[in-house]
Structure formats: structure tokens, C-alpha cells
J.: 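First the structure, which I've put down as C-alpha cells, then a few questions once you've had a look.
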Amino acid sequence: MKEYILLLPIIFIFHDMEEIVGFEWFFRRNPDLYDRFPKVLKAYRNFKTEGFAAAVYEEFIPFFGVSLLAYYFPNKILLSMWYGLFLALAGHFIIHIGQTVYLRKYIPSFITSLICLPVSVNILLRCTRTMNFDMVTILIIVASILFMMLNLKLAHMFAHFVNGRMHVEENVG
């Protein structure tokens, strides 16, 4: 399992680079999406590349931190957390693929989701063989997935904060 641990942050950042590069462009070219999906896209209104990059950086910290700790100090808790974070990331890829299918248009994240999902599933399946899925492990995995869902909300708040600070600086300068 150790040979796969550091792939989690690498796969995450590979995928999120596509989102960072294309995010602002995509919403600028598709303003109708805000009207079609107001509740879903409320969190993305007025996002800029800088704020989105800051949010990605914030999301990267748990992926990198847990992976690094699990690599150097492998134990049941850290490996279970790592597995849960990897499951959350694989779910993230499935959501992006579903969004693209639903919208019937390319969204920034689709190509890397198609590339990363099979790789991630393969890694998860290989690691599944080495793990003991007792109740503690399952609870840690579920808690890690829930943590990343809550962390996504925090990342959005951070992006809004960064974008707001940039907006203030643009108006002052």
C-alpha cells in the first residue's frame, strides 16, 4: 500500500490544475448556468481564478498532510484516513463526469476526471486487499469523507474571502 500513498496528492493536483485553468473561463462563457441552477451555483458566483486557486490550495493541505503522515508513519488511523480521502476524491471525479453528461458540454475537470477515475479505482482496489475493514476503520473512512465534504464548504468560503480581498484592493489601488 505504501507505494500508492503519495499518489493521492499528485492525482488531486493534476486534476485540480484543469479546474483552476478553466474555471473562470467556463463560467464567463456560460452565464446561463447561474439562471438554470441558481442554488447549486450560488457558491460560484463572482469566483475568480485567484480565489479558486486559493480554495484548491486549502483543499490540497489535508490530501498532502495525511498522505505524508501515512507514508512516514503508517498506522491503522492514518491509512484509514488516507483511504477515506482517496474515496472522496474518486467520488469527486464521478460527480464531474456526471455534471458533464448532464450539461452535455465540456466542463473544466472532465478530462482529468476521465483519466484519474480509473487510476484511482485501481489504486483503491489494490489497497482494499491489504486493509482490515473493521468497525474502527470504517468509521474513520466515513469521517474522512465527511470531513472533505465539510472542507469543500470551507474552501468555498476561503475563495470568497480571497476574491473579496482582491476586489477591495482593486478598488483602492
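Quick caveat, the model's predicted, so the values are computed rather than measured.
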J.: Please tell me whether V142 and L8 are part of a single hydrophobic cluster in this structure, the criterion being side-chain heavy atoms less than 4.5 Å apart.
T.: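 Yes, same cluster.
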
J.: Does the side chain of T112 pick up a donor-acceptor pair with the side chain of E18 at under 3.5 Å?
T.: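 The answer is yes; a qualifying pair exists.
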
J.: Starting from the C-alpha separation in whole Å, work towards a yes-or-no answer on side chain to side chain contact (heavy atoms under 4.5 Å, CB included) for I111 and Y106.
T.: CA-CA 8 Å; I111 294 170; Y106 165 79; 3.9 Å; yes

J.: Any chance you could measure Y57, atom OH, to I13, atom CD1, to the nearest 0.5 Å?
T.: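 Atom-to-atom, Y57:OH and I13:CD1 are 10.0 Å apart.
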
J.: Looking just at side-chain N and O atoms, do S113 and H96 make a donor-acceptor pair shorter than 3.5 Å?
T.: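 Side-chain D/A pair, S113 to H96: absent.
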
J.: Given N132, which of V136, T130, D134 fulfils the side-chain contact (heavy atoms from CB on, under 4.5 Å) condition?
T.: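 For N132, the side-chain contact (heavy atoms from CB on, under 4.5 Å) test succeeds with only one of V136, T130, D134, which is D134.
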
J.: Check whether any side-chain heavy atom of H92 sits under 4.5 Å from a side-chain heavy atom of H15, and report yes or no.
T.: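 They are in side-chain contact.
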
J.: On a heavy-atom basis, which atom in V162 and which in G51 lie closest, and how many Å separate them?
T.: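 What the structure gives for the nearest pair is CG1-CA, 3.9 Å.
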
J.: Side chains of F26 and L33, heavy atoms from C-beta outward: is any pair under 4.5 Å?
T.: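 Contact flag for F26/L33 side chains = yes.
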
J.: When hydrophobic residues are tied together by side-chain contacts of less than 4.5 Å, even through go-betweens, does L87 share a cluster with L6?
T.: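 Yes.
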
J.: With a 4.5 Å cut-off on side-chain heavy-atom distances among I, L, V, M, F, W and Y, is there a chain of contacts connecting F73 to L68?
T.: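 Both belong to a single hydrophobic cluster.
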
J.: Is the shortest side-chain heavy-atom distance between L103 and F37 below 4.5 Å?
T.: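 SC-SC contact between L103 and F37 confirmed.
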
J.: Could you report the tightest heavy-atom contact between P74 and L79, atom names first, then the distance?
T.: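 Result for this residue pair: CB-CD1, 4.3 Å.
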
J.: What's the shortest heavy-atom distance between I5 and S67, and which atoms?
T.: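 Heavy-atom minimum between the residues: CG2-O, 3.1 Å.
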
J.: Find out whether I11 and F86 are in side-chain contact, i.e. whether some heavy atom of one side chain is under 4.5 Å from a heavy atom of the other.
T.: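 Yes; the side chains approach each other to less than 4.5 Å.
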
J.: How long is the span from the CD atom in E19 to the CD atom in E59, to the nearest 0.5 Å?
T.: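 These two atoms lie 8.0 Å from each other.
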
J.: Measuring centre to centre across the rings, with the benzene-like ring taken for any Trp, is Y83 within less than 6.0 Å of Y4?
T.: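 They do not qualify: ring centres at least 6.0 Å apart.
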
J.: Tell me the closest heavy-atom pair linking S120 and A90, and the distance in Å.
T.: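 Looks like CB-CB, 4.4 Å.
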
J.: Where the side chain of N75 meets the backbone of L78, is there a donor-acceptor pair that is under 3.5 Å apart?
T.: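 Flag set: sc N75 to bb L78 pair under 3.5 Å.
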
J.: Given side chain to side chain contact (heavy atoms under 4.5 Å, CB included), test M131 with M1 step by step and report yes or no.
T.: CA-CA 9 Å; M131 292 184 66; M1 187 169 171; 3.9 Å; yes

J.: Below 30° counts as parallel, above 60° as perpendicular, anything between as tilted: where do the rings of F23 and F52 land?
T.: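 Correct class here is parallel.
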
J.: Return the orientation label for the F161 and F158 ring planes: parallel under 30°, perpendicular over 60°, tilted otherwise.
T.: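 Plane angle under 30°, so parallel.
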
J.: Are the side chains of I141 and T137 in contact, using a 4.5 Å heavy-atom criterion?
T.: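 Contact flag for T137/I141 side chains = yes.
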
J.: Tell me, yes or no, whether the heavy-atom count around I61 atom CD1, taken from other residues, nucleotides or ligands under 6.0 Å, exceeds 12.
T.: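 Yes - once you tally the heavy atoms of other residues, nucleotides and ligands closer than 6.0 Å, there are more than 12.
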
J.: Would you call F63 and L89 a side-chain contact if the rule is heavy atoms closer than 4.5 Å?
T.: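 Side-chain contact under 4.5 Å: yes.
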
J.: If two hydrophobic side chains count as joined below 4.5 Å and joins carry through other members, does F64 share a cluster with I77?
T.: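 In one cluster with F64: I77, yes.
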
J.: Compare all side-chain heavy atoms of I123 with those of C127 and state whether any distance is below 4.5 angstrom.
T.: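 They are in side-chain contact.
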
J.: Looking at the rings of Y34 and F27, which for Trp means the six-membered one, are their centres under 6.0 Å apart?
T.: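 When the ring centroids of Y34 and F27 are compared, they turn out to be within the sub-6.0 Å range.
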
J.: Which donor-acceptor pairs under 3.5 Å do side chains of residues 146-156 form with protein atoms, sequence neighbours excluded?
T.:
| residue | atom | partner | partner atom | Å |
| --- | --- | --- | --- | --- |
| N151 | ND2 | E58 | OE1 | 3.3 |
| H156 | NE2 | Y44 | OH | 3.3 |

J.: Counting neighbours of CZ on F60 that are heavy atoms of other residues, nucleotides or ligands and sit closer than 6.0 Å, is the number greater than 12?
T.: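 Enclosed: over 12 neighbouring heavy atoms sit under 6.0 Å from CZ of F60.
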
J.: Do you know which two heavy atoms are closest between I145 and G84, and how far apart they sit?
T.: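 Answer, listing the atom of I145 first, then G84: CG1-O, 3.3 Å.
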
J.: State plainly whether one hydrophobic cluster holds both F133 and M135, where clusters connect Ile, Leu, Val, Met, Phe, Trp and Tyr through side-chain heavy atoms under 4.5 angstrom apart.
T.: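 No, separate clusters.
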
J.: Could you walk me through whether F12 and V56 satisfy the side chain to side chain contact (heavy atoms under 4.5 Å, CB included) test, starting with their C-alpha distance in whole Å, then the side-chain angles of each, then the deciding distance to 0.1 Å, before giving a yes or no?
T.: CA-CA 9 Å; F12 169 81; V56 167; 4.0 Å; yes

J.: Within the 4.5 Å heavy-atom criterion, are F14 and I115 side-chain neighbours or not?
T.: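 Counting from C-beta outward, F14 and I115 do come under 4.5 Å.
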
J.: Work out which heavy atom in Q99 is nearest to a heavy atom in I107; give both atom names and the distance.
T.: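 Scanning both residues, the minimum pair turns out to be OE1-CD1, 3.3 Å.
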
